[in-house]
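A short worksheet on the structure shown next.
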There are 2 protein chains.
Amino acid sequence: MKERSIDSLISRLRIRVKEQNLKNTSQRELIMAAMYKHKGHFTPEEILAFAQKEEGGKNIGIATVYRALNFFEKEGFVVSISFGADGKKYELNIKEHHDHMICTECGKIIEFESDEIEKLQEAEAAKKDFVIKDHAMQIYGICKDCQKTNKGKN
Amino acid sequence: MKERSIDSLISRLRIRVKEQNLKNTSQRELIMAAMYKHKGHFTPEEILAFAQKEEGGKNIGIATVYRALNFFEKEGFVVSISFGADGKKYELNIKEHHDHMICTECGKIIEFESDEIEKLQEAEAAKKDFVIKDHAMQIYGICKDCQKTNKGKN
DNA sequence: CTTGATGCAAAATATTTGCATGCTC
DNA sequence: GAGCATGCAAATATTTTGCATCAAG
């Protein structure tokens, strides 16, 4: 499971910004750095809180987080995942593979990877002349722990 | 690609309702029937509009749609998918497989299925002692049409 | 200096909830 | 009849936007 370093992420960010004749800002980089530190799936509000704890991030506003996340998502730095009542959550896209099992009882997210599935995805995409930029897979079900506690259901 | 009939869906709904000592209502059934007719991915507002066009659905409220969708999702009748700025969309879960390719340029959703991926998902879940109830897979990228129109990008 | 980005607050959306009343069972 | 579900409106929550100002290039 190869991961990118924060440095390579930031430099990729700067490249993408430059390519589009936009301006680089410390806020956007702080938001990315904050997401890098707190690996996982978070709401924009949570990401804001993390970013504000970063050096120099005291007064970042929520609007900036939304703007940054939308940009990151468009550029493929971030993926969003939504499940049930939990709303939309964002995660830095730093892993080679990107798949989740989500427990519908407790909301726990288990990550996994499969090269075989990856290859089959590429094969399916090729059939439809579709160029893959990113992918996400969610398996919904009952995790090990909840199977124990939740016998009589269904 | 086997699909359930609307009748089997409604009867499954009634069973789930009864099991939980809830009460069956025409609204919930109308919402399900409306989703069945308009196969695809829709926002709660869109689903409301469809349901209101159903016989006897004139004055269904948006709150009822949200309540129904939350119930349907909890019970596995419906899956939600969220991508980029498009917000959360719901789809009746009537197909055996449930996978999507989403074009990040035009938002088009291409459906596909793969038994092999299905089997691998089961294998992965087994490794983690996870009981699959449902699954969803999204491949993000550029569709055939947008590849033509959009040469110079990236 | 030009123009994109930010922070703030307001606006627009989306989603949930309280409550009186209607319907199932 | 008892109690869940509904519709409506109000309350929240979420996300976007306008605008004055800041700051990158």
Side-chain angles (χ1 to χ4, degrees), chain A residues 10-11 13-34 41-49 51-52 54-75 77-78 80-90, chain B residues 10-11 13-34 41-49 51-52 54-75 77-78 80-90:
Chain A
I10 296 283
S11 81
L13 171 61
R14 288 179 184 165
I15 290 166
R16 294 300 189 94
V17 165
K18 182 166 290 183
E19 278 175 359
Q20 299 173 54
N21 294 311
L22 303 178
K23 285 170 183 172
N24 196 46
T25 66
S26 62
Q27 288 90 334
R28 233 175 348 219
E29 294 192 359
L30 286 180
I31 291 166
M32 180 166 282
H41 313 77
F42 301 105
T43 64
E45 287 289 348
E46 290 169 327
I47 293 166
L48 172 66
Q52 286 177 334
E54 293 288 305
E55 178 72 28
K58 329 293 183 264
N59 41 17
I60 291 180
I62 186 68
T64 299
V65 172
Y66 276 100
R67 286 187 276 233
L69 287 174
N70 286 340
F71 179 76
F72 291 168
E73 185 164 43
K74 183 165 68 67
E75 298 298 323
F77 288 108
V78 139
S80 68
I81 174 176
S82 101
F83 169 67
D86 291 349
K88 205 166 181 181
K89 295 185 176 183
Y90 292 84
Chain B
I10 297 285
S11 81
L13 170 60
R14 289 180 183 164
I15 290 167
R16 294 302 188 94
V17 165
K18 182 166 288 183
E19 279 174 358
Q20 299 174 55
N21 295 312
L22 304 178
K23 284 170 183 170
N24 195 46
T25 67
S26 61
Q27 288 90 334
R28 233 174 348 217
E29 294 192 358
L30 285 180
I31 291 166
M32 182 166 281
H41 314 76
F42 301 105
T43 64
E45 288 288 348
E46 290 167 328
I47 292 165
L48 172 66
Q52 287 177 335
E54 292 289 305
E55 178 71 27
K58 329 291 184 266
N59 40 17
I60 292 180
I62 186 68
T64 298
V65 173
Y66 275 102
R67 286 187 276 232
L69 287 173
N70 286 341
F71 179 76
F72 291 166
E73 184 163 44
K74 184 164 68 66
E75 297 299 324
F77 288 107
V78 139
S80 68
I81 173 175
S82 101
F83 169 66
D86 291 348
K88 205 167 181 180
K89 295 184 177 184
Y90 293 84

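Worth saying up front: this structure is predicted, and the values here are computed from it rather than measured. Per chain, numbering begins at 1; letters A, B, ... match sequence-line order.
For the pair Asn70(B) and dT16(C), the criterion of a side-chain N or O lying under 4.0 Å from OP1 or OP2 is met. Residue Gln27(A) places at least one side-chain N or O closer than 4.0 Å to OP1 or OP2 of dG7(C). Side-chain N/O atoms of Thr25(B) include none lying less than 4.0 angstrom from OP1 or OP2 on dA5(D). The side chain of Asn24(A) contributes no N or O atom lying less than 4.0 Å from OP1 or OP2 of dG4(C). Contact annotation: Tyr66(B) reaches the phosphate of dT15(C) (side-chain N/O to OP1 or OP2, under 4.0 Å).
Between Tyr90(B) atom OH and dA14(C) atom C1' there is a gap of 10 Å when expressed in whole angstrom units. Between Arg28(B) atom CZ and dA5(D) atom P the separation is 5 Å, expressed in whole Å. The interatomic distance linking Arg14(B) (CZ) with dC23(C) (P) rounds to 18 Å, in whole Å. For the pair Lys89(A) NZ and dA13(D) C1', the computed distance is 15 Å after rounding to whole Å. In this structure, the CD1 atom of Ile60(B) is 18 Å from the P atom of dG22(C), given to the nearest Å. When rounded to the nearest whole Å, the span between CD of Glu29(B) and P of dA5(D) equals 13 Å. Taking atom CG on Leu22(B) and atom P on dT6(D), their separation rounds to 10 Å, with Å as the unit. For the pair Ile15(B) CD1 and dC25(C) P, the computed distance is 14 Å after rounding to whole Å.
Using a distance-only test at 3.5 Å, with no hydrogens or angles considered, a donor-acceptor pair links the side chain of Arg28(A) to the main chain of Lys23(A). Panel note: side chain Gln52(A), backbone Ile60(A); a donor-acceptor pair is recorded below 3.5 Å.
Toward the 5′ end of DNA chain D lies the nearest nucleotide of Thr64(B), the other residue of the pair Thr64(B) and Val17(A) mapping further downstream.
Two residues are said to be in side-chain contact when any heavy atoms from C-beta on lie closer than 4.5 Å; Phe72(B) and Leu13(B) meet this criterion. No side-chain heavy atom of Glu19(A) sits less than 4.5 Å from a side-chain heavy atom of Glu75(A). Within the 4.5 Å cutoff, the side chain of Asn70(A) has no heavy atoms near those of the Arg67(A) side chain.
With dT15(D), dT15(C), dC25(C) as the choices, the nucleotide that has an atom nearest any side-chain atom of Pro44(B) turns out to be dT15(C). The side chain of Ala63(A) lies closest to dA9(C) when the candidates are dA9(C), dA5(D), dA5(C).
Base contact: Arg67(B) has a heavy atom under 4.0 Å from a base atom.
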